[in-house]
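Report on the following structure.
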Amino acid sequence: MSAEATNPGAPIRRRGRPRIDLRRLGRVALLGPVSRDRLPDAIGHVAEAHRAHHPDADLTVLRRAYVLAESSHRGQMRKSGEPYITHPLAVTLILAELGAETTTLTASLLHDTVEDTEVTLDQVGEQFGDEVRYLVDGVTKLEKVDYGAAAEPETFRKMLVATGDDVRVMSIKLADRLHNMRTLGVMRPEKQARIAKVTRDVLIPLAERLGVQALKTELEDLVFAILHPEEHARTHAVISAATSGADPLTAIAGNVASVLREAGIPAEVLVRPRHFVSVHRVSIKRGELRGTDFGRLLVLVGEDADCYAVLGELHTCFTPVISEFKDFIAAPKFNLYQSLHTAVVGPEGEVAEVLIRTHRMHKVAEAGVIALGNPYTADSGAQSAEPADGERADPTRPGWLSRLLEWQQSATDPDTFWTTLRADLAQDREITVFRTDGGTLGLPAGASCVDAAYAQYGDAAHNCIGARVNGRLATLGTALGDGDTVQLLMAEDAASGPSPGWLDHARTPTARIAITGWLDAHPQGADTVPGSAAAGTLGSGRPGPQSAPAGSEGPGGRGARALVDRPDATVRLAGCCTPVPPDDVTGFTVRGGAVAVHRLACPAVVRMEAVGRVPVAVSWGDASECRVTLVAESFGRPRLLADLTEAIAGADAAIVSATVEPPSEQRVRHTYTLELPDAAGLPSLMRAMRDVPGVYDVSRAQYPAAVL
């Protein structure tokens, strides 16, 4: 097992490359510039790592960038006591090891000059071109805001915008954070913990989403050591004990290599140790760890087809664990990751996990967007001009980033932005949903039709009243699966709005921010808008039992009072049967001494009398201004909602709330809570609603009785 597996702060490096002493580089850096015919020794390691990925790279620009950075930072020291130049050198070395192109490395060397020295952006642009200037400016903007607790939301909003403009900005920022985390020991413990928490909550998920696994895993281990020192120490002891003996994975790797040689498949078989956090997670999942749990086999081949050939040989010559098979080549992850995952049983019964990928896939798996080079030019050394409209079409920008950029513009409140950012980044898987118009929607796993509606229509999704999923009618709360086809049903003529219940099913920031914004702007709810489709389309909005002092209004009526011969008694008008004058009513004492009033015909009355509950005599007081809940059953047709609300308005009734359930077999159920100026007008109101074309029944609401 390699040294990286037992040292959570081990720098990223190519296999076989000796560890680089940055203190020594700092001393070399202080010697000043050298002759123009060779690179300064301090940046020689960066050049070596860069040439390993880009053999034809022009190193002249790196020399010039280093000379400017070293002379500008000369005299500045880090809190660790090292010359400040060691920091941009270390950040640049991290990126060079990952295969970043020359422009990114140049900007990395200069990323602190504009913020911390007398160098200006204009000078950077004049000496290194617009592209380097653009990247340095993007990183500088992120450094101008303090990382204090109150500033975090705005800091990361700027970070997100900068990332959207050019993903290389975030690449530099992630490498910058990694080096700072490596040297965090000089900080006070409380500051270490605060920085580690921000790294855990935002930067690690961003590294995951950008596919930069090499940065992500080391950051995870460093955060783990700071925030969970006891668990880290236990994991360290477990790994140390495991590495002191023979590694069973080595023997299995030899068997796999022999099988592939005999099959004529050129392949490199490696043992890939798990990092600290990975071992910790496996121990939580499996309890006692097996010898093969401390690493995985990595098989590298030349072509995509070879991956499947390797898979076939492994499943033929070894016993496969079918439940562990995943094909991320045919269906790549949202962060560009591609591999075949499987597990096989070794000769001694050991289970070994195997990753199969091409060399190109492996580079992208480790470095993510960094491995894709300059996203704006075919030649990484060329400078790309800014389009006239100021927009930069980034081919490496994943769909999740585009969505984040959209909703962050709507999240004007910093706390809302921070909460939704963290929630969105916590999503670790995406699904693809097909639209009936031929398009697709990329959504996080667990997303519902509500999320699909806002992803497709934006704020116009307020008018959505239902959906069809795979051709079948479904509620807006229906969770979508990968590959589902969704058709969203929109109300054409109604002034609609979401109900608070929609938030229970919204998983995406786009949906949650839009719904919350609408609800804040309409505190009375969509149900106060005549013709609203405020759908209780999720089936929410049914009134439950409420309580009020005796003689005061309850859910059954305002002024329509149910009185009992008990001073100061609390009265509840039961939500299961919604009694209103002049209904025959009775009451029952419930928990807390309150009296629940039911219609005599309510099924709950029969059940309570059957178990010996003693009824309480109640009577109606003033029978004016009653509130009642009605259910209209109808066949679906255009303008039905508008005609029903017109009939209600014609009876002088006010709509308190309204829900429209999704159509089922072309039938629609509407539920209205209404206020009438006089309870005597209820029969005529119900007749007026039944007379609306398409409506075949109107009845009083009957809900299951609450436990009393």
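- For the pair Tyr66/Val46, no side-chain contact is recorded, criterion being any heavy-atom separation below 4.5 Å from C-beta on.
- Going from atom CD1 of Ile195 over to atom CE of Met181 covers 8.0 Å, rounded to the nearest 0.5 Å.
- The pair Arg182-Glu218 meets the salt-bridge criterion, with a side-chain N (NZ, NE, NH1 or NH2) lying under 4.0 Å from an Asp/Glu carboxylate O.
- Judged by distance alone, the side chains of Arg281 and Ser278 never bring a donor and an acceptor atom under 3.5 Å apart.
- Using a 4.0 Å cut-off between charged side-chain N and carboxylate O, Arg357 and Glu268 make no salt bridge.
- Contact check for Leu260 versus Val299: side-chain heavy atoms found under the 4.5 Å cut-off.
- Under the 4.0 Å criterion applied to side-chain N and carboxylate O atoms, Arg194 and Glu190 are not assigned as salt-bridge partners.
- Side-chain atoms of Arg78 and His87, non-hydrogen and from C-beta on, do get closer than 4.5 Å to each other.
- For the pair Leu174 and Leu203, the minimum side-chain heavy-atom distance is below 4.5 Å.
- Using a 4.5 Å heavy-atom cutoff, the side chains of Val132 and Leu110 are in contact.
- Ring to ring, His232 and Phe276 are close: their centroids are under 6.0 angstrom apart.
- For the pair Val279 and Val282, the minimum side-chain heavy-atom distance is 4.5 Å or more.
- Checked against the 6.0 Å centroid threshold, His50 and His45 do not count as a close aromatic pair.
- Put simply, CD1 on Ile356 and OG on Ser339 are 9.0 Å apart, with the number rounded to the nearest 0.5 Å.
- Among residues at least two apart or in separate chains, there is no salt bridge (Lys or Arg N to Asp or Glu O under 4.0 Å) pair with a member in residues 297-319.
- If you check the side chains of Thr140 and His111, you find no donor sitting under 3.5 Å from an acceptor.
- For the pair Asp451 (side chain) and Arg507 (backbone), a donor-acceptor distance under 3.5 Å is present.
- Annotation: salt bridge (Lys or Arg N to Asp or Glu O under 4.0 Å) contacts involving residues 358-373, sequence neighbours excluded, comprise Arg272-Glu366.
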